[in-house]
Each structure stands twice: as structure tokens, then as C-alpha cells.
Amino acid sequence: MKDVLAFCAYLLLPLIGIGIWHLPSIRRLDLGGRLSAAGAAGAAIVAALLALLSIASIHWSRGVVFPVVAVIAVVGIYLARPLKRPDAPAERRDAWAIAALVVVAILVVYGLLTARMSCGDLHFFWGPKAVRFYRDGGVTVGFLGDPNAARMNPGYPLLLPLLYAWSETIAGQFSWWSAVLSTALFLFGSVALLRSTARDSRGAVLMCATLAYALAVADAAGAGEPPLIFFETLAIVAVTFIREPRDQTILAALGLAGAVMTKIEGATFVIAVVIAMLILRRSPRRVLLIALPAAVLLGAWLGFVRFHDLSEYYRGATMPIYFAALPGTLLTLAKAAGYDLYGLPWLAPIILFVLGPNRRNAILPMTIAVLTFMAAVFFYIHLPDPTWWILSSAPRVLLTPLTALLIASAAAWRSNGDLSYSPGHGVVS
Amino acid sequence: MDHQRPPRETLRTVVTFVAAAALAIALVRRYHALGGPYFEFPKTVQDHVAPTFYPSRDVILLAGAAAEIIPRGSTVTAIQPSQAPDYDVTHYLTAAGMMPRHRVVPPAFTASDPAVLPQYVLAVREPFSNPHYRLFRQIPEGRIYEVVH
């Protein structure tokens, strides 16, 4: 019962974030895309609420959290009216693609429920931090600054432990199984976002199969990568497929803010998106608006970390660089990137990108993929011999460029029905 | 209609589904390589991440049992004696998540004053030998020791 309740907490997130349905671009998505976007908004709202209660020194309790969440959900439903998608275009059912998605989904859920994809970090720090936050009734400096908690990465961003604490608030006890199973929701949410915005079931099939396999090889379930990939997907599909400037800005900003508050690597991702957009879109004002929430949140978190002298992990880029380590780094990284399958997770989307008739539409996500891959190399050569570091982390770190590549491969085959298309206006440029 | 599909679209369909099928088969192979049982609900979320159990998986069970036995508020640590100090962090952090009503601390046994030593030690798989501690309880995954004053 505890596990069911704890899992239901994640299922409630779309209801909490349903207000985002008032955006015209979201209204045009299918149900999967709308639920996923609302889930991202709900996750951000819940994390923000728990963080604000901690800042105000208000003890988390069901009596405090539930009424606030209920009010937010009711206001969201009011904003989202009418809940039914208006003028839904006729969509061709791709039965084979749906069947493939169902098969992969069953495999993922099986792998999660038989503990074949779990990440050790869930038990080492993501989970224990959430457990302690819940016990303390909030995020406390006393815990984060406790020398006994120094190895729990107190300087890591808080979004995931806050989501786990939300789940614990619903269930009254921490559920390790629901934490692991939430990976399925983040994965399926990512796939639904691509399928819905690109109106492309085939691209969704490749993304689902590739990320399911890569997450399994990386043993990433329950760790920070699944929600990181989810928020990154939202940001990338927003800047790739969403045409309306205001909606694109809001959704991309939500994705970047979520990514930056989920993992340290989220900051690198934000920088990659900013650079790619500045080069390709040449709209500094739009880029500023998209990146501003993430920058403010990251700045506030770093200020908090430094003010309280907590362990801080963002200074890696200022460490010495060992260029002599570059050849070995590339070789080891290539081995890790093979995912024990001769690099098929990369080869298939690269082939589809090359074959794609609309590669121009895919340049932005492809640039993000290249930049985030280069960023991984850049950080690895800060050690004279990063072999162990690469082999232990690269399968997870490379999920970000892999996701961007998968989205690029779908964008290269954009259909006239995708959200970047507007008759008479061409595609997003 | 498939016969109206442009050749390039057909190529895309083939690449997509062949790759997806290969990835799904590879996923099943990976699951199989991680060992059985394949249709039993595992005891912990760490049970099948490797063909053999990691010690940290046993810490989950050991700490879960210890949480019901050891007085609340006590200081506790967890180690695998033969692997110390290399894997200490993974063991005591795992215990920290399983024992929220206790004060889980890093293993440090150099103090001569028992008053500053952890009150309980969870020794996964192997016996723990230290003159300041005596065996308190034993379960299949390990032993619980208490400090001697």
C-alpha cells in the first residue's frame, strides 16, 4: 500500500501542473504530450513549494502541503479550461509504432520491478537525503552542513530529493520501489513529449527503445538522470518544434530550470542550449528569457551553498586541464559510448539524421548534442587519468547528448503536421 | 498506404524498427545475463543489478532489520570489515536511508574512549573484530555489534 501511494504521488504531478494547458501550443498536443508537459510543471511546482516552505521555516506536513497543492490544482484546472483538445487534427494511427512502444514499455517496467536497472546512488544519497528532509520536515542547513552527511553531496541541486520527499509525504514513508518506478514515468514522459510535438511515432519508437536500453546499461533508475533527461527533452522539443514564441519560451525555460535544479550536468546543458541558440537563432532576447529562470535558480542555489560553506561541485571547469589525457579519454569514452552494443544507440539516429530530408530543421538539437558531448570530454580531461571516472559515469553522462541526437534524428524527418509547421510561414528558423 | 510511401520513408521505417528490435533484444539479453529468478518480486531494489549480490544490497536488509532492533536515536555505522575503508561510504550511506530514526555516522573506530565510538556497528557478511564491541545480534546478511562501555 505504501508503495502504491508513493507512486500515486508522481501520477498526481500532471494534475498539479495542469495550468500549463492554457498555453495554445500545449492545447494542440495529444493527451500524452499534454500530460507530460503538465507533469514537468507539476514537478517544478511541488519542488518549488517544498523549497519555499523550507525557506520560510514552515514545517512540511500533509496539513500544510496538501491544501496549497489542492488550491494550485484547482486554479490550474480553471486556467486550463476547456480540458478537451480543440480542433484536434485527424492523426494517422501508426499501429506498428504503438505496438513497439508497448513492447518496450513492458520491458522497461519488467526491468524496474525486478531490480535490473536500479542505480546505487538512489540508496547512497538521493534516497537518504529525501528520507532525512521528510524526517526534518524540510530542507535544513543543520542536515546539509552536518559532517556526517558530507558524502551525501549536500551541494547537489535539490529537485529530485524534493520530489521523493513529496512522494513520502503522500505515503507517510519512503518507498524505494516507487522511486525506481518513477524512472518509467520520466522515460515515457520524454517519449510522449517528442511524439506529441513532432507528431512522429517512429521517432518516438527509436527514442523509447534507445533510452530504455541505455538507462538499463547505465543502471540509472532512481537516480538523477531520468528526470534530467525528461526536463532536457522538454527544453529541446520546445526550441525545436514549438512555433509560438511565448509558448516556446515558457516551455524551454521550464525545461532548463528543471534540468539545472536536477543535476549539476543540467548547468552544462543550459550553457549548450544557450550557445546553440545564440549561434543558430540569433535572438539574444529570446535566449535570455529562456535561460533566465535557470540562471536565477542556479545562482540562488550556489549562493546558498557558498553562504553555508557546503560541498560545492561546480568548480570542476576551473581545475587544471590535462591535454595529454585527451587521446585516452576519447578512446575510453568511445568504449563507454558503445553501450555494449557496438554503438547502435548512436548509429541508428545518426543514420536517420543523414538520410533525413529536412536536416536543417534538426541543426539545433544536433548542435546541442555535439556541444554536450564535447562538454563531457572537457570535464573528463580535468583528470590526468580519468579511465575509471569515465567507465563509471559516461553511460549516464552521455544520455544527454544521446537524447538530443534522438530528437535531432526525428526533427530531420519532420512532418507537415508537427508543431513547427504553420502553413504560409514555413518552419521554425 | 505502404505502397505509396516514398522509398526514403520506407528506409526510415526499416532502420527504425530494425534498430528498435535490436535494442529490445539486447535489453532482454542484459536482463537474462543479470540472473534469475526472473519472475519473483525481489527483496530490494538492488537485487539484480549484477549477477551476484552487492554487499550494499545486503546492507539494505541488514539495516532494515537493525532499525527494528536498535534503540532509536542511537549512533550507528555500517561496514564490510574486509573491504574497509574502500566501500565504507556506500555501506553507511545506505544504512542512513534505511534507518531514519537513528543517527548514522561514518565508521571511525580509532578513539580509545568508547563514549565517542558509534554505539552500534552493522558488519555486513563478515565478523567485525574490535575490542570495544561485542556481538549483539546476527541475521543472514550480517551481524550487529554494540559498543562495550
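Throughout, a chain's letter reflects where its sequence line sits, starting with A, and its residues are numbered from 1.
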Starting at [atom1] of [X], measure out to [atom2] of [Y] and round the result to the nearest 0.5 Å.
X	Y	atom1	atom2	answer
B/Ile60	A/His123	CD1	NE2	3.0 Å
B/Leu27	A/Met117	CG	CE	6.5 Å
A/Arg202	B/Thr13	CZ	OG1	4.0 Å
A/Asp200	B/Thr16	CG	OG1	8.0 Å

Quick check against the 3.5 Å criterion: does [X] have a side-chain atom that pairs as donor or acceptor with the backbone of [Y]?
X	Y	answer
A/Arg116	B/Gly35	yes
A/Tyr213	B/Ala22	no
B/Arg30	A/Ala216	yes

Engaged part of [X] at the chain B interface, taking heavy atoms whose separation is under 4.5 Å:
X	value
A/Arg135	side chain
A/Pro357	both
A/Leu341	side chain
A/Leu206	both
A/Asp121	neither
A/Ala100	side chain
A/Leu352	side chain
A/Phe125	neither
A/Cys119	backbone
A/Val217	both

Examine whether an atom of [X] lies under 4.5 Å from a heavy atom of chain A, and if so say whether it belongs to the side chain, the backbone or both; otherwise answer neither.
X	value
B/Arg103	side chain
B/Val28	side chain
B/Tyr38	both
B/Val89	side chain

**Request:** Please report the C-alpha distance between A/Leu355 and B/Arg12 in whole Å, then the side-chain angles of each, then the deciding distance to 0.1 Å, and finally whether the side chain to side chain contact (heavy atoms under 4.5 Å, CB included) criterion is met.
**Result:** CA-CA 8 Å; A/Leu355 293 175; B/Arg12 183 199 186 196; over 6 Å; no
Identify the heavy atoms of [X] and [Y] that sit nearest to each other, and give their distance.
X	Y	answer
B/Ser56	A/Phe124	CB-CE2, 4.2 Å
B/Gln46	A/Ser118	NE2-CB, 4.2 Å
B/Tyr92	A/Asn148	CE1-O, 4.0 Å

Which of the residues [options] is involved in the greatest number of heavy-atom pairs with chain A at under 4.5 angstrom?
options	value
B/Val18, B/Val105, B/Asp47, B/Thr90	B/Thr90
B/Pro42, B/Ala19, B/Ala20	B/Pro42
B/His48, B/Met99, B/Glu40	B/His48

Assess whether atom [atom1] of [X] is packed by more than 12 heavy atoms of other residues, nucleotides or ligands within 6.0 Å.
X	atom1	answer
A/Lys335	NZ	no
B/His32	NE2	no
A/Tyr110	OH	yes
B/Phe136	CZ	yes

**Message:** I need the residue from A/Thr114, A/Val104, A/Asp340, A/Val131 with the largest number of non-hydrogen atom pairs under 4.5 Å to chain B.
**Reply:** A/Thr114
**Message:** Go through it in stages, so that I can follow the logic: the residues are A/Trp176 and B/Met98, the test is side chain to side chain contact (heavy atoms under 4.5 Å, CB included), and I'd like the CA-CA distance, side-chain angles, deciding distance and then a yes or no.
**Reply:** CA-CA 10 Å; A/Trp176 302 95; B/Met98 300 303 297; 3.5 Å; yes
